[in-house]
Amino acid sequence: MAVTIVPFGRTRAGEEVLAGRIENAAGMAVTVLDYGATIQSVCVPDGRGGRVDVALGYDTVAGYEAGDGYLGATIGRVGNRIGGARFSLNGEEYDLAKNDGENHLHGGLRGFDKYVWDMKAVPGGLACSRISPDGEEGYPGTLEVTVTFTLSEDDALAITYEARTDRDTPVNLTNHTYFNLNGGGSVLDHTLRLAAHRFCENGAGCLPTGRMLAVEGTPFDFRRPKPIGRDIGADDPQLRVGGGYDHSFDLDGGPAAVLYSAQSGLEMTVETDLPGMQVYTANFLSPRPGKGGAVMGPREAVCLETQLHPNAMNCWGFPSPVLRAGKTLVTRTCYRFARR
Ligand code: GLA
């Protein structure tokens, strides 16, 4: 395993941004930026002598700073939405920034995706750390976070999230990579299998209501592999809310997802110890130039964001995201690649 760290650019404020590259003997290579602890590229050998970069992203720091799509980024302190940008904890009310209509999204006005982290090489990969101070974006407690990206010789990219707080606080860390197993173009002909017989019902603004709906007999049934585009245009109230799939699936256990493209022959399996996964078909990805100048746009990728269910602070019955003072949170998600 070769791990190298080289300069990538500078932020508007003049901070240096580094790119870490992990490459295995088989030729799979992953680039991680210390800006946002962001996965900038995932280049997977296609078995025919080429490599496909299966992650959408930008060539410049400016792209990441300007972009609103969280491409490849680590999301925190709390991924996805908190209704009304409010929660109560230990009898106290906390007000957060409303950066998505009336709701709080992906950590607020300046989430973890918009900071330069400390990055260093570790065995098999790269570790990114940052300290989120007490009161950052309205959250209580100083949170120490380390996100470690490792690559195995059999083409599995693992992300381990570790966090520790000095006061009780909600934490829900995820990664927001936009996957396209052909390297670009529509993602609608990729097939997807999801190990989930329920998903979170969304209300207005894609905010979970707290109810779970059965996938049975709905466009949300991916228990057998199905092209993402097969039912995405169905006249279904849940699909209308977010203009496509943008829902947290309640995972049954075992591999959470298998994504496959017949065009490239690449398959990606997602494994996680988390109970939920946001399946997001890039509905809000407005057209913009990405790597190599190629224009990216809606439905060009799918995000498979492993997480605790959104709005869990306000939905009784969802697994709690509260990390207690002095406790350490450790979760792991793995993206495993194969050729079929
Ligand atoms: C998540 C959300 C989407 C959208 C994207 C970022 O996946 O669920 O609604 O906000 O992030 O654009």
Side-chain angles (χ1 to χ4, degrees), residues 36-39 55-58 63-85 96-114 137 159 172-180 187 192 194 196 199-210 220 228 232 237-251 256-257 259 270 272 274-288 290 296-315 318 321 333 335:
T38 296
I39 296 177
L56 268 49
Y58 304 100
Y64 288 97
E65 283 192 287
D68 60 354
Y70 307 88
L71 275 71
T74 294
I75 307 293
R77 186 176 296 199
V78 172
N80 216 283
R81 294 177 173 82
I82 299 179
L96 307 168
K98 293 181 177 171
N99 62 326
D100 189 56
E102 285 301 294
N103 305 322
H104 177 84
L105 175 68
H106 289 333
L109 296 171
R110 188 174 183 194
F112 287 10
D113 57 295
K114 293 283 189 289
E137 295 288 330
I159 309 179
N172 187 16
L173 303 167
T174 190
N175 178 275
H176 210 297
T177 294
Y178 288 71
F179 291 104
N180 181 313
V187 82
L192 180 64
L194 299 176
F199 68 104
C200 298
E201 176 189 62
N202 278 350
C206 291
L207 182 73
T209 61
F220 293 80
I228 292 174
I232 201 170
Q238 281 299 305
L239 286 171
R240 279 199 298 271
V241 188
Y245 296 103
D246 191 357
H247 295 77
S248 192
F249 284 74
D250 192 45
L251 301 172
L259 183 68
V270 184
T272 186
L274 287 163
M277 187 174 68
Q278 190 83 8
V279 176
Y280 171 57
T281 42
N283 314 316
F284 304 124
L285 188 70
S286 52
R288 63 193 68 188
M296 312 177 269
R299 309 276 166 83
E300 186 156 341
V302 63
C303 300
L304 300 169
E305 304 156 59
T306 56
Q307 61 183 3
L308 295 163
H309 295 310
N311 201 23
M313 289 304 284
N314 299 311
C315 293
F318 283 4
T333 292
Y335 303 92

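Predicted, not measured: the structure shown is a model, and the values here were computed from it. Just so you know, ligand 1 is whichever comes first in the structure, and atom 1 is the first atom listed for that ligand.
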Exercise. Counting heavy atoms only, which part of Asp100 comes closer than 4.0 Å to ligand 1: side chain, backbone, both or neither?
Worked result: neither
Exercise. Is it the side chain (CB and beyond), the backbone, both or neither of Asn283 that lies under 4.0 Å from ligand 1, heavy atoms counted?
Worked result: neither
Exercise. In terms of the angle between their ring planes, are Phe249 and Phe220 parallel, tilted or perpendicular, with boundaries placed at 30° and 60°?
Worked result: tilted
Exercise. Can you find a heavy atom in the side chain of Asn180 that is under 4.5 Å from one in the side chain of Leu56?
Worked result: yes
For this session: Would you check if His106 and Glu305 make a side-chain contact, meaning some heavy-atom pair closer than 4.5 Å?
Result: yes
Problem set entry | Residue and atom name of the nearest protein heavy atom (relative to atom 9 (O) of ligand 1), distance in Å to one decimal | Asp246 OD2, 2.4 Å
Exercise. Could you walk me through whether Tyr335 and Phe179 pass the ring-ring contact (aromatic ring centres under 6.0 Å, His included) check?
Worked result: CA-CA 11 Å; Tyr335 303 92; Phe179 291 104; 5.2 Å; yes
For this session: Can you sort out the partners of Arg77 under salt bridge (Lys or Arg N to Asp or Glu O under 4.0 Å), two or more places apart, ordered by chain and number?
Result: none
Exercise. Between Asn311 and Asn314, is any side-chain donor less than 3.5 angstrom from a side-chain acceptor?
Worked result: yes
Exercise. With atoms numbered from 1 as shown, which atoms in ligand 1 lie under 4.0 angstrom from a non-hydrogen atom of Phe284?
Worked result: 4 (C), 9 (O)
For this session: If you have a sec, work out which protein heavy atom is nearest atom 12 (O) of ligand 1 and how many Å separate them, to one decimal?
Result: Tyr280 OH, 3.7 Å
Problem set entry | Leu285, Thr177, Asp113 screened by side-chain contact (heavy atoms from CB on, under 4.5 Å) with Leu71, the one that passes | Leu285
Exercise. In terms of residue, atom name and distance, what is the protein heavy atom nearest to atom 1 (C) of ligand 1?
Worked result: His106 NE2, 3.2 Å
For this session: Give the numbers and elements of all ligand 1 atoms closer than 4.0 Å to a heavy atom of Glu305.
Result: 1 (C), 7 (O)
Exercise. What atoms in ligand 1 come closer than 4.0 Å to a heavy atom of Leu105?
Worked result: 10 (O)
Exercise. Which ligand 1 atoms are under 4.0 Å away from a heavy-atom of Asn80?
Worked result: 1 (C), 2 (C), 8 (O)
